[in-house]
Amino acid sequence: MPMHALAALALVIASPVLAACDPLQYVDPLIGSTNSGNVFPGASRPYGMAKAVADVDGQNTGGFATDGSNVTGFSAMHDSGTGGNPSLGNFPLFPQLCPGDELNACNFRIGDRKVGYRNDSVVARPGHFKVGLQNGIAAELTVADHTAVMRFEFPLGEGGDGTSQEHPLILLDLTDLWQSRQNATVAVDPETGRMKGNGTFLPSFGAGSYVLHYCVDFFGAKVFDSGVWVNSRAGNEPKELFVTRGFNLFYNEAGGFVRFQNLSDKSVTARVGVSFVSADQACRNAEIEVPDPIGSFSALVRSAEDAWREKLRPVSVAAGGADKSLLVSLYSGLYRAMMSPQNYTGENPYWDSGIPYFDSFYCIWDSFRVQHPLLTVIDPEAQSQMLASLLDIYKHEGWLPDCRMSLCKGWTQGGSNADVVLVDGFVKNFTTRIDWSLALEAIVNDAENEPLEWSYEGRGGLQSWKRLNYIPYLDYDPNGYGTNSRSISRTLEYAYDDFCLARLADGLGRKDLHAKYLARSANWQHLWRPDQKSLINGTDTGFTGFFQPKYLNGTWGYQDPIACSALADFCSLTTNPSETFEASIWQYQFIVPQSVSTLIDLLGGDEDFIRRLNFFHTSGLADISNEPVFLTVYLYHYAGRPALSTERIHTYVPASFNATNGGLPGNDDSGAMGSFLFFSMTGLFPVAGQNVYLISAPFFEEVRVKNPVTGKTATVRAKGFDPGYKNMYIQSATVDGQPWQKSWITHDLFTEGRTLELVLGDKESDWGTKLEDRPPSWTAGTRTV
Ligand SMILES: *[C@@H]1O[C@H](CO)[C@@H](O)[C@H](O)[C@H]1NC(C)=O
Ligand SMILES: *[C@@H]1O[C@H](CO)[C@@H](O)[C@H](O)[C@H]1NC(C)=O
Ligand SMILES: *[C@@H]1O[C@H](CO)[C@@H](O)[C@H](O)[C@H]1NC(C)=O
Ligand SMILES: *[C@@H]1O[C@H](CO)[C@@H](O)[C@H](O)[C@H]1NC(C)=O
Ligand SMILES: *[C@@H]1O[C@H](CO)[C@@H](O)[C@H](O)[C@H]1NC(C)=O
Ligand SMILES: *[C@@H]1O[C@H](CO)[C@@H](O)[C@H](O)[C@H]1NC(C)=O
Ligand SMILES: *[C@@H]1O[C@H](CO)[C@@H](O)[C@H](O)[C@H]1NC(C)=O
Ligand SMILES: *[C@@H]1O[C@H](CO)[C@@H](O)[C@H](O)[C@H]1NC(C)=O
Ligand SMILES: *[C@@H]1O[C@H](CO)[C@@H](O)[C@H](O)[C@H]1NC(C)=O
Ligand SMILES: *[C@@H]1O[C@H](CO)[C@@H](O)[C@H](O)[C@H]1NC(C)=O
């Protein structure tokens, strides 16, 4: 560890109770690398564009997986934790020895060349990834911001320098993980072996196409020969190739190759520069960032480690005897939350406004709930750059994104959730460098103007939304195009988006807009059907009153309240599209964060509300693998039973979230699951879009978060903490020494560096139970409890 890092760490560990010294010891990038976590487990810097790892043919959405599948290549760009199609993985390199040193005895196509890896050879550390292939070749990867460095070591025979009959080959494949390439080019320099070119690909969850450029140089060996390959054959001439899809869309596998001689160290090091602007910029990025790939390999690793330490340093923990695996879950979750959005500043080919450009908001439907609130707490500088970037995208494209990847518009899943991300920043005092009047304009645009293509921007059905105050089942909408489903979940989300808009308008002194949108934020009530029942296999669950779809003419439609739950079929945009998105009516009935008190009244009061929540969480209806469930773990607070929220989270951690390779219940979604873990284990759960953190008992004796901007440290301390969690009930609380009755707290805990001290006991107490101590709810016009 370099001296400056040690010195900085000393500040954090000054207090004797805080056990953690080097936070990197608690980071395991392999958590979520199998069992559908889809986590990117390779080498990246925080928010880095270059993300290097071995790609497999199994669960390869994030490139590599510990699922025992075969390695197909090594590539420089990835997304982390996303669902659906595998993302990026463009221009993989693949090293091999050709039997008999015969060029055409080498395997070129993916199906021919794929090879297993040795399970015990996998090393995944922040900024560093190693794997040994079953053919004896070992790979070691690290990165700079836009450059991957890949060192391949070959099992060479006698002499071992490639002078005799062994000339290791490295091919470059003009493909991506999803095989979405439309057309692409490669040019090989026969003297240096440099390979340069570009490809046009499709975004993994969006519209249009993107062009990515690359520039690969080799070090540590001399060029023996070079050329191009097409399907299973290669030749030394020509040195350039253009591939396209042709009329019948046939997928030619093709690329360039170089064979090497005179290897020092039996290895060849590839430096892969990438750019969205040009191949020349890809070369320039690589030359500037990594002038000496062999000599600086370990310095690059150390630099990435330092960058990650810096990012994790705000959080320090006194475990109080809690299991080390919980610390690993916590810090690994924090680490994954800073993989994306990716910093593509200087790499946007469409505009350069001098404002940082972030990409891979993948998707905001996932990240608005806890990931962005987490960045607000631990990396406010990055979060404010991301807010500025969202507004800059609005300025140049006319719409805030709801999902965005590879410079393309991603599909909208529900509402216009960038609204919530922006307003969350506003209520938490991100006052500098954000143009809030522009934010108001952008959010009003979402609320008022229907785009022609609302499948990837804005909202659909706005004519009905304004006229009928709900999104109708089978809406008549001649104004725009999108998947005409999700009428219930879109009604709920639009209502919350409008609530956030009302808050912003209020804060900016626009009373007219405030009243208008606060009224619209109550629109969710129009889909409440008081006499609706819910049966499971013919047996009445005993609960009456659920949301239901409603036609344009006001007549009720029908969707089984358990449809789209874990007990029924999955519903997405394309699979089984329904009136709720990726979750059931049972799930969505709880998603009214603006007016939980009104919801509780509709459901029959506190006790009935709690009975419903309990049934939801214990019947198999709750889907802990997907983001809408997050807030429902903590909703007991609103019914005056914060103790039950703490009990509930302990049924999910560590049973569904733990420090194993398969330790995430579902897609990490750019760190959403990791962020959920952070807030849950810290005992502070954010209600996104509001200046509200719900207080529960933490999983550790003490957690401190140092605000990297103000330098002030927020502390959550649990007196009477026991690592067996018998004492999981808050008896009383103080903030900076003053009694604190409320079951929630505001963001100044972090900005002012306050100390929240909780006294724990083994029985539920009356702390936080009174009506006036519950978290805020709003009804049209006023705040109620
Ligand atoms: C490697 O790990 C995978 C996934 O856990 C497993 O299926 C496979 O059997 C393991 N291989 C060996 C040789 O242990
Ligand atoms: C890996 O590839 C080899 C060779 O093609 C094949 O025999 C093996 O079944 C593959 N393993 C997996 C897990 O797909
Ligand atoms: C490559 O494909 C894209 C999309 O299919 C097209 O717009 C572009 O013009 C093509 N480029 C070349 C050089 O053919
Ligand atoms: C891709 O590379 C080819 C060959 O250098 C070049 O002609 C073409 O313009 C490039 N395409 C893009 C989109 O830059
Ligand atoms: C490779 O090494 C051999 C023997 O060490 C030497 O004779 C030859 O000149 C070298 N080739 C190149 C291209 O440097
Ligand atoms: C993103 O990159 C730009 C350009 O290097 C830099 O100025 C900015 O600080 C970076 N943002 C973060 C959060 O690292
Ligand atoms: C419903 O009944 C079927 C058939 O008996 C059973 O397989 C299924 O698990 C039941 N579902 C629930 C949610 O109880
Ligand atoms: C309302 O529309 C639905 C769907 O078209 C139809 O089934 C229903 O009968 C209509 N109700 C009335 C009262 O017209
Ligand atoms: C760890 O989490 C995974 C994913 O939710 C779960 O399948 C597994 O059972 C958990 N393991 C333990 C030991 O709780
Ligand atoms: C935001 O700033 C204002 C004015 O400085 C202050 O009154 C308020 O308490 C701050 N809120 C938070 C959440 O820090």
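When a ligand or atom number is given, it counts from 1 through the structure's own listing order.
For atom 6 (C) of ligand 1, the nearest non-hydrogen atom from the set Asp120, Asn119, Val122, Asn661 comes from Asn119.
Counting only heavy atoms of the protein, atom 3 (C) of ligand 6 lies nearest to Asn343 ND2, 3.6 Å. Among protein heavy atoms, the minimum distance from atom 11 (N) of ligand 6 is reached at Gln385 OE1, 2.6 Å. Looking at atom 13 (C) of ligand 2, its nearest protein heavy atom turns out to be Gly68 O, 3.4 Å. Here the protein heavy atom with the shortest distance to atom 5 (O) of ligand 1 is Thr66 O, 4.0 Å. The closest protein non-hydrogen atom to atom 8 (C) of ligand 2 is Asn70 ND2, 3.7 Å. From the protein, the heavy atom lying nearest to atom 7 (O) of ligand 1 is Asp67 O, 4.6 Å.
A side chain to side chain contact (heavy atoms under 4.5 Å, CB included) with Val27 holds for exactly one of Leu312, Val328, Leu334; it is Leu312. Here the options are Met49, Gln342, Glu289, the test is side chain to side chain contact (heavy atoms under 4.5 Å, CB included), and the partner is Asp145; only Glu289 passes.
Here is the list of ligand 6 atoms found below 4.0 Å of a heavy atom in Thr345: 1 (C), 2 (O), 3 (C), 4 (C). Which parts of ligand 2 touch Lys114 is read off a 4.0 Å heavy-atom cut-off, strictly below it: atoms 2 (O), 5 (O). The Ala382 neighbourhood of ligand 6 comprises atoms 13 (C), with distances under 4.0 Å to a heavy atom of that residue.
In terms of modelled atom types and a separation under 3.5 Å, the side chain of Gln383 and the main chain of Gly425 share no donor-acceptor contact. In this structure a side-chain-to-backbone donor-acceptor pair under 3.5 Å is present from Asp435 to Leu438.
When the side-chain hydrogen bond (donor to acceptor under 3.5 Å, both in side chains) test is applied to Ser296, no partner is found at least two apart in sequence or on another chain.
Taking the six-membered ring for Trp and thresholds of 30 and 60 degrees, Phe40 and His78 have nearly parallel ring planes, at less than 30 degrees apart. A parallel orientation is assigned to the rings of Tyr693 and His747, their planes being inclined by less than 30° (bins at 30° and 60°).
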